[in-house]
Structures are given as structure tokens and as C-alpha cells.
Number of protein chains: 2
Amino acid sequence: MSTATAHPWHDDSLSSGPPVKSVDRALTVLDILAREGEASLSQMARELGVHKSTVGRLVETLVRHDLVDAPNGSGGYRLGVGCLRLAGATAARRDVSLEAQPVCDELSAVIGETTNVAITREGVAINVCQSEAHSTVAMRNWIGQHTALHATANGKVLLAHLPEEDRAALLDTGLTPFTEHTLTCPAALSEELHRIRTRGWAFAVEEFEEGLNAVAAPVFDHSGNVVAGISVAGPSYRLPPDRLPEVRAPVLRAANALSLRLGHVGHVRD
Amino acid sequence: MSTATAHPWHDDSLSSGPPVKSVDRALTVLDILAREGEASLSQMARELGVHKSTVGRLVETLVRHDLVDAPNGSGGYRLGVGCLRLAGATAARRDVSLEAQPVCDELSAVIGETTNVAITREGVAINVCQSEAHSTVAMRNWIGQHTALHATANGKVLLAHLPEEDRAALLDTGLTPFTEHTLTCPAALSEELHRIRTRGWAFAVEEFEEGLNAVAAPVFDHSGNVVAGISVAGPSYRLPPDRLPEVRAPVLRAANALSLRLGHVGHVRD
DNA sequence: GTTATCGTCGCGCATTGCGCAACCTATTGT
DNA sequence: ACAATAGGTTGCGCAATGCGCGACGATAAC
């Protein structure tokens with residue numbers, strides 16, 4: 001294509017002009033390396049549709065900032081430790097309550113039911129974020145509300161990942177029944193929590209309120225701890241028990257998306 | 001500096017020219033954000049010594065690649081989730097044995113004693129990396145050597161962070177005494193391991209060889225697991241028990257540095 | 001030997017990124 | 001209420017700057 005031929009920007013799906021072309025290309029190099037793991041200059045040049053030497057200069061600049069590792073001996077260029085430094089600085093400042101809203105919105109849009117994100121403090125679950133589906137009948141607003149850990153999907157997720165001793169202590173303090181389906185037997189609940197841990201998600205069928213069902217999944221932070229739960233809840237007539245498995249995947253995806261925003265690297269699981 | 005004033009590049013400590021100026025500036029923006037956590041356009045413009053609009057365009061490009069989050073409502077620009085994505089891709093390809101050498105070298109240079117990095121496989125510690133101090137008397141070469149987990153500083157660190165059941169199994173198989181200081185009582189060792197976990201580092205005084213002392217600390221990978229231990233070891237006459245605490249900080253720093261290279265974000269602890 | 005792949009170096013053109021200044025919008029202070 | 005400060009956005013015109021090009025050196029494959 002050489003100088004000013006044909007299509008201005010065919011690669012990036014973004015419509016309006018590229019603010020700074022060389023920077024855009026450099027960042028695309030990072031994307032390529034993230035995807036490929038390793039690449040040679042010529043390879044990247046081909047993919048970007050630019051000349052070798054151009055990419056050469058770009059990656060040299062990236063190398064100076066440690067974002068790319070120059071090929072040690074054989075092999076191609078790779079992402080460097082600078083990326084990890086940046087991520088450290090990013091993760092340190094991230095907070096569930098700030099990141100949750102868009103993920104919540106997305107999830108409720110997909111499923112068409114109300115979604116919540118909850119954290120746990122001093123033995124109770126606290127809802128920090130909620131998104132209503134477009135639907136007509138607005139559910140109650142749960143934000144800020146404290147709920148018991150043993151009777152909701154989100155609560156059970158949080159409870160399941162509490163430190164051993166805290167969990168044991170809570171099981172012993174007595175499990176208030178809210179409906180006839182609430183798990184009030186410590187042993188049964190303990191088994192259920194184990195299943196939740198190994199399975200990776202939880203559901204609750206009319207355990208907190210008659211006619212209210214929910215599905216929840218754990219949210220991890222950058223160091224792999226469970227810091228929140230994200231859930232979808234709806235009335236039994238719209239979200240009957242047999243429909244619960246089908247919302248599993250979207251909920252897990254949302255949980256992963258939120259985890260990612262908090263710095264929980266990798267571990268995509270379908 | 002406006003148009004072509006005075007000195008070409010006095011600011012960058014790097015001698016030769018800047019390969020691609022705009023990219024270099026953009027990456028510096030990332031560095032600034034990593035350091036400050038949050039910054040406004042004008043602020044960055046001041047620090048870079050360029051015009052607001054210039055930084056504006058650079059940042060816009062960064063935002064398109066999700067490396068920077070535009071100010072939601074109030075506050076300044078921050079690093080974005082793209083950094084975390086990059087780090088994920090980086091961390092996935094990193095390996096202890098490849099990253100350990102420079103850290104080992106640095107540590108042994110600082111302390112003036114031999115340093116080792118060890119991992120654990122099937123109940124034993126395996127040294128994967130070693131660096132000798134400039135010192136005259138070369139110690140034995142430990143690389144590749146298999147050692148017991150319960151009798152060295154590195155081994156105890158690794159043992160302390162093994163999964164509960166593996167650890168228990170190893171304690172039961174009998175603890176070979178190597179010297180009269182070797183911990184051979186399972187209960188005592190178990191207590192020691194607990195101390196190591198809470199304290200964050202370990203030492204061994206003539207537990208494996210008479211006249212050989214060591215200090216070790218755990219190395220974490222991107223998902224927070226302990227994947228290695230790094231240690232400093234030396235003869236008792238140069239590294240007597242009362243000097244051990246003073247090498248604690250350098251060893252911890254080295255462990256952190258290595259952890260960082262493996263993608264373990266944040267958690268700087270002195 | 002030849003051939004292919006990969007990275008580096010200088011050169012010269014014009015593309016492209018930059019500084020500037022005006023403008024717009026909060027937010028703050030009196 | 002109004003001024004004043006700070007942050008961000010837009011358009012323009014100049015030339016600095018980044019780019020393509022082709023040649024060269026190195027290494028490896030065959």
C-alpha cells in the first residue's frame with residue numbers, strides 16, 4: 001500500500017479517525033503479542049500492513065519501557081514485565097463497588113431480570129449494586145440492604161468462600177428460617193456450600209422469599225480471593241427452577257468479566 | 001520546549017535518540033498513571049512538557065485500547081482493564097526458572113552470599129537456580145539437587161505453603177534427621193510451618209548441615225500460589241544466627257521482585 | 001554453494017503529529 | 001449572581017517526524 005493508498009483504517013473496527021496513528025499501531029503490537037504470545041518483527045509487520053522497519057522502531061520504543069521483551073537468543077518478541085507493573089498499579093486501585101455497575105447492567109440486559117452484586121461484612125451480605133431489567137414491574141431496591149448469608153444465592157456463594165473458621169462460627173449461630181425452603185440444618189448447608197465451591201456457582205429456590213429464585217457466582221479479585229457475588233433473581237413464574245441452569249453461563253460470564261476488571265488474570269472457564 | 005530549542009534530549013536518561021517520540025510519550029503517560037494512580041490531562045501535559053491537546057490525543061488513543069479509563073464523572077484518568085488483559089497474557093507465559101536468574105544474581109550481590117531458588121515436586125525441593133557471591137570460597141553447586149523439604153529454609157517455605165493434605169502426608173512419612181538441629185517432631189515442625197506462613201519468611205540454623213545457615217521467602221505466581229522459594233545461605237561464621245534478621249528485608253524484596261516478574265500484582269510488604 | 005528469513009541502517013519525502021488559541025463546561029470562591 | 005480557575009475539546013497551519021524503501025549483514029535451512 002505504500003504511501004497513502006486505498007483504505008485509511010480497515011483493521012480497527014472503530015469508525016472515527018485514529019487520534020495518533022503511531023501510538024495506535026504500537027498498542028496494536030501489544031494486542032498481537034497478547035494474542036500470539038510471541039511474534040517476529042516481520043510477522044507483525046505483515047499483520048499490521050506496514051514495513052518491517054516501522055514495526056522495528058515501534059517495538060524498540062516498547063522495549064525501552066519494558067512492555068516488550070526483546071528476543072533472548074532465539075524466539076520472537078514477547079510481552080514484558082512492564083505489563084505486570086502496570087497491572088499491579090491498576091489492580092491496586094480497583095474497587096468492586098465502582099466496577100460492578102456496568103457488568104450488572106449488561107447481565108440484566110441479557111437475561112431480562114434484576115441482577116445484584118453483594119459483598120460480605122461481619123457475617124451478613126450487603127448489596128452494593130443492582131440493575132433492573134427493562135421489565136415493567138420493578139423489584140424492590142436491594143442496594144445497601146443487609147441479608148442473611150445462608151438464604152440467598154449470593155449469600156451462599158459468599159459464605160462458601162469465607163475462611164474456614166468464620167464459616168464454622170456462622171453455621172453455629174443458628175440459621176434463621178425465612179421460608180420453608182431455607183436451609184436451617186448446619187450439616188446440610190455445609191454440604192451445599194461444598195457443592196457450591198466445587199461447582200463454581202449457586203442457586204436458591206424460594207429460600208429467602210416465597211416465589212423468588214436466583215442464581216449466583218463468585219467474583220475474584222487480583223489475588224484470587226472471593227470478594228463479591230453476582231446474582232440474577234426473578235419471580236418463580238418467570239424464572240422457574242428448570243430455567244435456572246440456562247442462566248448459569250451468562251452469570252458465570254458476568255462474574256468473570258467483573259473479576260477481570262478487578263485484576264483476576266486469566267482463568268476463563270465456560 | 002516548543003520548536004527545536006536547545007538540547008535534543010536531556011530529560012530521558014537513555015542516551016540514544018527516542019525511536020518513536022509519540023509512542024514514547026504515550027507510554028510515559030502510562031508510567032505516570034501507574035505512579036500517580038490518577039491524573040488529569042493538564043497535569044500530565046505539565047509533567048511531560050507538552051501541550052494539553054497533545055496529551056489529549058495520546059490518551060484518547062490509549063483509551064481506545066482500554067489501557068486507560070476515561071474519567072467516569074469526576075476524577076482524572078486511570079489505568080484501564082486493558083492493562084490487566086495484557087498482564088494476563090504475559091503472566092501465562094512466564095516461568096520461574098527463566099525469570100529467577102537475574103533476581104538471584106542481584107540478591108547475592110547485595111548480601112554477598114550464595115542464593116538459591118527452589119521449587120517443589122513430589123515431596124522434595126529442587127533447586128532451579130543459583131548465584132554465587134563474588135566471594136572466594138565457592139560453595140557447592142546445588143542446581144538440580146533434590147533436598148528434603150523439612151530441613152532447609154527454602155524447603156520449609158515450600159512445605160509451609162503446600163496444600164493441607166500433601167503437607168500432612170509428608171509430615172507422617174518420617175522426618176529424616178540430618179543434624180542434631182533438624183526438626184524431626186511433626187508437631188514442632190507443624191508449628192514452625194505455621195509461624196512461617198504468618199511471618200512470611202523462614203530461617204534454618206544448621207538444620208541440614210552443620211555450620212550452614214539460611215533465610216528464605218516464598219515466591220508467588222500470578223494467581224497467588226506459592227511456586228518457589230528464594231533463599232540466602234552461608235556458613236555460620238559469616239552468617240551467624242543473630243545476623244539472620246538483617247538479611248530478612250533483602251530476601252523479601254528479592255522474593256517480591258521475582259513474584260512480580262511472574263505476575264503477582266501488588267502487595268509490596270516491607 | 002544457494003535461498004529464505006530476520007533484523008538493522010540511512011535517506012528523502014510528505015504524512016502526521018504538534019503547538020497554538022479560542023471555546024465550552026463545570027466547579028469554586030466572594 | 002458573577003467572576004475566576006481548572007479541565008477538556010476543536011480546527012488550523014506549519015514543519016518536524018515518522019514512514020516506506022531498498023540495501024546490507026547475520027543466521028539458518030537444504
Side-chain angles (χ1 to χ4, degrees), chain A residues 1-12 14-29 32-33 36 38-65 68-78, chain B residues 1-9 11-12 14-29 32-33 36-65 68-78:
Chain A
M1 45 181 59
S2 72
T3 64
T5 13
H7 26 244
W9 334 108
H10 58 302
D11 45 79
D12 255 357
L14 297 170
S15 37
S16 74
V20 182
K21 193 147 85 176
S22 53
V23 173
D24 188 68
R25 293 213 254 240
L27 300 183
T28 305
V29 164
I32 291 175
L33 289 176
E36 302 287 330
E38 187 174 312
S40 74
L41 282 191
S42 337
Q43 204 171 327
M44 296 186 273
R46 234 174 292 130
E47 181 149 356
L48 280 176
V50 299
H51 198 258
K52 281 191 299 183
S53 62
T54 304
V55 180
R57 283 180 278 252
L58 293 175
V59 302
E60 189 186 339
T61 313
L62 292 167
V63 168
R64 298 225 183 158
H65 286 253
V68 168
D69 278 354
N72 328 306
S74 68
Y77 294 83
R78 313 158 147 252
Chain B
M1 45 174 61
S2 75
T3 64
T5 16
H7 25 243
W9 339 104
D11 45 78
D12 255 0
L14 299 169
S15 37
S16 71
V20 183
K21 194 146 86 178
S22 52
V23 173
D24 188 68
R25 293 213 255 241
L27 300 183
T28 305
V29 164
I32 292 176
L33 289 177
E36 301 286 330
E38 187 175 313
S40 72
L41 283 190
S42 336
Q43 205 172 327
M44 297 186 273
R46 233 174 292 129
E47 181 148 354
L48 281 175
V50 299
H51 199 84
K52 281 191 298 183
S53 62
T54 303
V55 181
R57 282 180 277 250
L58 294 173
V59 170
E60 190 187 338
T61 313
L62 292 167
V63 168
R64 297 230 184 150
H65 286 253
V68 167
D69 278 355
N72 327 306
S74 68
Y77 293 84
R78 309 157 151 254

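What you are looking at is a predicted structure, and each value in this text was computed from that prediction instead of being measured.
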Tell me, with the steps shown, if B:Met44 and B:Val59 meet side-chain contact (heavy atoms from CB on, under 4.5 Å).
-> CA-CA 10 Å; B:Met44 297 186 273; B:Val59 170; 3.9 Å; yes

What integer distance in Å separates [X]:[atom1] from [N]:[atom2]?
{"X": "B:Arg78", "N": "D:dG7", "atom1": "CZ", "atom2": "C1'", "answer": "17 Å"}
{"X": "B:Arg57", "N": "D:dT17", "atom1": "CZ", "atom2": "P", "answer": "14 Å"}
{"X": "B:Glu38", "N": "D:dA6", "atom1": "CD", "atom2": "C1'", "answer": "15 Å"}
{"X": "A:Asp24", "N": "C:dT15", "atom1": "CG", "atom2": "C1'", "answer": "16 Å"}
{"X": "B:Arg46", "N": "D:dG7", "atom1": "CZ", "atom2": "C1'", "answer": "10 Å"}
{"X": "B:Leu41", "N": "C:dA26", "atom1": "CG", "atom2": "P", "answer": "16 Å"}

By nearest-heavy-atom nucleotide on DNA chain C, the more 5' of B:Arg25 and A:Tyr77 is A:Tyr77

For A:Ser22 and A:Gln43, take the nucleotide of DNA chain C holding the closest heavy atom to each; which residue's nucleotide lies nearer the 5' end?
-> A:Gln43

N/O donor-acceptor pair, side chain A:Ser53 with base D:dC21, under 3.5 angstrom | yes

Tell me which nucleotide among [options] gets nearest to the side chain of [X].
{"X": "A:His51", "options": "D:dG22, D:dC19, C:dC18", "answer": "D:dG22"}
{"X": "A:Lys21", "options": "C:dC18, C:dT8, C:dT15", "answer": "C:dT15"}
{"X": "A:Thr54", "options": "C:dA21, D:dC19, D:dC21", "answer": "D:dC19"}
{"X": "B:Lys52", "options": "D:dG8, C:dT8, C:dC18", "answer": "D:dG8"}

Heavy atoms only: give me the nearest B:Leu58-B:Ser22 pair and the separation to one decimal.
-> CD2-O, 3.7 Å

Report yes if some heavy atom in the side chain of A:His65 is under 4.5 Å from a heavy atom in the side chain of B:Asp24; otherwise report no.
-> yes

B:Ser40 side chain N/O closer than 4.0 Å to the phosphate oxygens (OP1, OP2) of D:dA6?
-> no

In sequence, state the C-alpha distance, the side-chain angles, and the governing distance for A:Ile32 and A:Leu48, and then conclude on side-chain contact (heavy atoms from CB on, under 4.5 Å).
-> CA-CA 9 Å; A:Ile32 291 175; A:Leu48 280 176; 4.3 Å; yes

How far does CZ of B:Arg25 sit from OG1 of A:Thr61, to the nearest 0.5 angstrom?
-> 12.5 Å

